[in-house]
Amino acid sequence: FTDAFSSFCFASLYIRPEVVSSLGEVCQENLNLMASCIYANRFTRLMKPEQFRQIERSAITTMAHKIREQWVVNIQKVILNNFRDV
């Protein structure tokens, strides 16, 4: 009985409005992040391999910064906003 009740309680969280709205908003944040490209892929001219590597490193660093500074903060806001009254 204890295991069944525990499973029921865990599964019933998925019908709570706070959980449903949080999952939807987190999903949207993930989709927004997936729409971004981690690599630089628009080049206007030929370049040396070292220039290419530097441009790619810069693009990856920019994406890492975006994840740390925007995505994480947005996820935290979603969780805090949706669960503030719980």
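Contact detail for F83 and S22: the closest heavy-atom pair is CE1-OG, 3.1 Å. Nearest heavy atom pair, residue E25 against residue V78, reads OE1-CG2, 3.5 Å. A40 approaches A59 most closely through the heavy-atom pair N-CB, 3.6 Å.
At least one side-chain heavy atom of M63 sits less than 4.5 Å from a side-chain heavy atom of L33. Counting only heavy atoms from C-beta outward, the side chains of K77 and V73 approach each other to under 4.5 Å.
Atoms CD and CD1, from E50 and I55 in turn, are 10.5 Å apart once rounded to the nearest 0.5 Å. How far OG1 of T62 is from CD1 of I38: 10.5 Å, rounded to the nearest 0.5 Å. To the nearest 0.5 Å, the span separating CG on L23 from CZ on R16 amounts to 13.5 Å.
A continuous path of hydrophobic side-chain contacts links I60 to V72 [ILVMFWY only; heavy atoms under 4.5 Å]. Under the 4.5 Å side-chain heavy-atom criterion for Ile, Leu, Val, Met, Phe, Trp and Tyr, L31 and V20 are members of distinct hydrophobic clusters.
Counting non-hydrogen atoms of other residues, nucleotides and ligands closer than 6.0 Å to CZ of F43 gives a total above 12. The environment of CG in L46 is sparse: at most 12 heavy-atom neighbours from other residues, nucleotides or ligands sit within 6.0 Å. Within a 6.0 Å sphere centred on CG of N41, heavy atoms belonging to other residues, nucleotides or ligands number more than 12.
Tested against R53, the residues R57, Q51, E56 include a single side-chain contact (heavy atoms from CB on, under 4.5 Å) partner, R57.
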